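Accompanying notes for the structure given below.
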Amino acid sequence: MKIYIISSGSYGSRIVNSLAEMGLASSMVGLEELPEDLPEFIDDFEQYVPSNIPQADLIIAVGLYGDISMVVPIIAQKSGAKSVIIPLHDPAQVPPGLQREIEESASGITIVFPKPFCALLPVGDKYIDEFAEKFGKPELEIDYNGLIRKVKVLRTAPCGSTDYIAENIEGLPAEAAELEAGNKLHNYPCNASMTTDPVVGDTILHLAGYQTKEAVKRALGFAMRSAVVDPETCEADECQHECIKHCPQVQIGWDTVQLNDKEQAVIDPASCGCCEICIKECTYGSIEMEEKKFPIE
């Protein structure tokens, strides 16, 4: 697979370096670095389009802010690429309206906007899926017997944090790994923004932490903390399912909060980020945070 990368700023540089170090250097047929200090609104995108664009299968644009992102579909068309990944690490990067403009200008091209990059999963596109087999939403395999003996990374966050976390939770009690994985993400550190994203109601850095902890929980087969709905007080007939509307994980595409056959909310402990937003939003006070061992299938 031939990958062409468009990068800007320190976040873009970090992702480029990380992907190269993790084995993608030979797949990178080109790299265009755009300046950080470009105007928010740009009338003429063509002036920023590289003069020599190699043939590519997949375009990855990291660290771009505002209108300059409109060059991405132009570059994709000139390279022949039909697949594009534009990961979001900051709410100010590519707002929903600009995302629609980019998609509308890219007829015949599949574009995804994972928020954050470590939330990327296969989407049914040949080249995006080939990339997402190894890079995106973390997936682990953990061998433990009381203590964690070995952690194998099956899919890593593109920034490289998953490998760092895997190495640093070995030797810990299995029941402490979920919390410590989140701590290690901050130690790495994660470069996602701590500004609250108005679309999801949480920070993108927190979202990255939720993906990391979910990988640990699924690999262990249990979670140690989760929001829980009390079916005795959940007023399914009366409420507007605010827990679903405000769950950050639901907002980025996961089934963290679903409805059972009684239309009552049920929270998945594997993907619950323990953000407590649903607790605050529940009109009837039917959700509490519980600390115990939750089995995960």
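Numbers here are sequence positions counted from 1. All values reported here derive from a predicted model rather than from experimental measurement.
- Taking the side chain as every heavy atom from C-beta outward, M1 and I3 approach each other to under 4.5 Å.
- Environment of NZ in K245: crowded, with over 12 heavy atoms of neighbouring residues, nucleotides or ligands closer than 6.0 Å.
- A distance-only check finds a donor-acceptor pair linking the side chain of D67 to the backbone of I42 [under 3.5 Å].
- Just one residue in the list F131, F135, F113 forms a side chain to side chain contact (heavy atoms under 4.5 Å, CB included) with L120, and that residue is F131.
- In plain terms, the two heavy atoms of P248 and I277 that are nearest each other are CG-CD1, 3.6 Å.
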Evaluate the side-chain contact (heavy atoms from CB on, under 4.5 Å) criterion for residues L58 and V84: first the C-alpha distance (whole Å), next the side-chain angles of each, then the deciding distance (0.1 Å), finally the verdict. CA-CA 6 Å; L58 173 66; V84 174; 5.8 Å; no

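- Judged as a ring-ring contact (aromatic ring centres under 6.0 Å, His included), and not counting sequence neighbours, F45 has no contacts.
- Counting only distance, with no hydrogens or angles, the side chain of Q93 and the backbone of D90 share a donor-acceptor pair below 3.5 Å.
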Worked verdict on Q211 versus W254 for side-chain contact (heavy atoms from CB on, under 4.5 Å): CA-CA 11 Å; Q211 313 319 307; W254 311 142; 3.0 Å; yes

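- Salt-bridge check for R149 with D143: passed, with a basic side-chain N closer than 4.0 Å to an acidic carboxylate O.
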Criterion side-chain contact (heavy atoms from CB on, under 4.5 Å) on K134 and L154, from CA distance to verdict: CA-CA 7 Å; K134 296 182 178 180; L154 304 180; over 6 Å; no

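- Using modelled atom types, one finds a donor on one side chain and an acceptor on the other under 3.5 Å when comparing D125 with S83.
- Closest non-hydrogen pair, G171 versus L147, comes out as O-CD2, 3.8 Å.
- Judged by distance alone, the side chains of E232 and Q264 never bring a donor and an acceptor atom under 3.5 Å apart.
- E242 contributes no side-chain N or O that, together with a main-chain N or O of C278, makes up a donor-acceptor pair within less than 3.5 Å.
- Hydrophobic clustering, with ILVMFWY side chains joined whenever heavy atoms are under 4.5 angstrom apart, keeps V250 apart from L121.
- Under the 4.0 Å criterion applied to side-chain N and carboxylate O atoms, E214 and R218 are assigned as salt-bridge partners.
- By the rule that hydrophobic residues join a cluster once side-chain heavy atoms approach within less than 4.5 Å of another member, I86 and I60 end up as members of separate clusters.
- Of the options P158, S13, P87, S8, a side chain to side chain contact (heavy atoms under 4.5 Å, CB included) to V62 is made by P87 and by none of the others.
- A donor-acceptor pair under 3.5 Å is absent between the side-chain atoms of R14 and the main chain of C159, judged by distance alone.
- I102 approaches S69 most closely through the heavy-atom pair CD1-CB, 3.7 Å.
- With no hydrogens or angles considered, no side-chain donor-acceptor pair links D255 and Q258 at under 3.5 Å.
- Note that the NZ atom of K213 and the NE2 atom of H206 stand 8.5 Å from one another [nearest 0.5 Å].
- When hydrophobic clusters are built by joining Ile, Leu, Val, Met, Phe, Trp and Tyr residues whose side-chain heavy atoms come closer than 4.5 Å, directly or via intermediates, L172 is grouped together with V153.
- With contacts defined as side-chain heavy-atom distances shorter than 4.5 Å, the pair T195/T203 does not qualify.
- Contact of the I6 side chain with the I75 side chain is registered, since non-hydrogen atoms from C-beta on lie closer than 4.5 Å.
- The CD1 atom of I128 sits 12.0 Å away from atom CG of D57, with the distance rounded to the nearest 0.5 Å.
- When each of E290, E276, E288 is paired with R225, the salt bridge (charged side-chain N to carboxylate O under 4.0 Å, His left out) condition holds for E276 and for no other.
- Of the N and O atoms on the side chains of D163 and T156, at least one donor lies less than 3.5 Å from an acceptor on the other residue.
- Counting heavy-atom neighbours within 6.0 Å of D44 CG, excluding the residue itself, gives a total above 12.
- Minimum interatomic distance between I59 and A81 (heavy atoms only, all atoms of both residues): CG1-CB, 3.7 Å.
- Residue pairs meeting the ring pair (Phe, Tyr, Trp, His ring centres under 6.0 Å) criterion with at least one partner in residues 7-39, sequence neighbours excluded, are Y11-H89.
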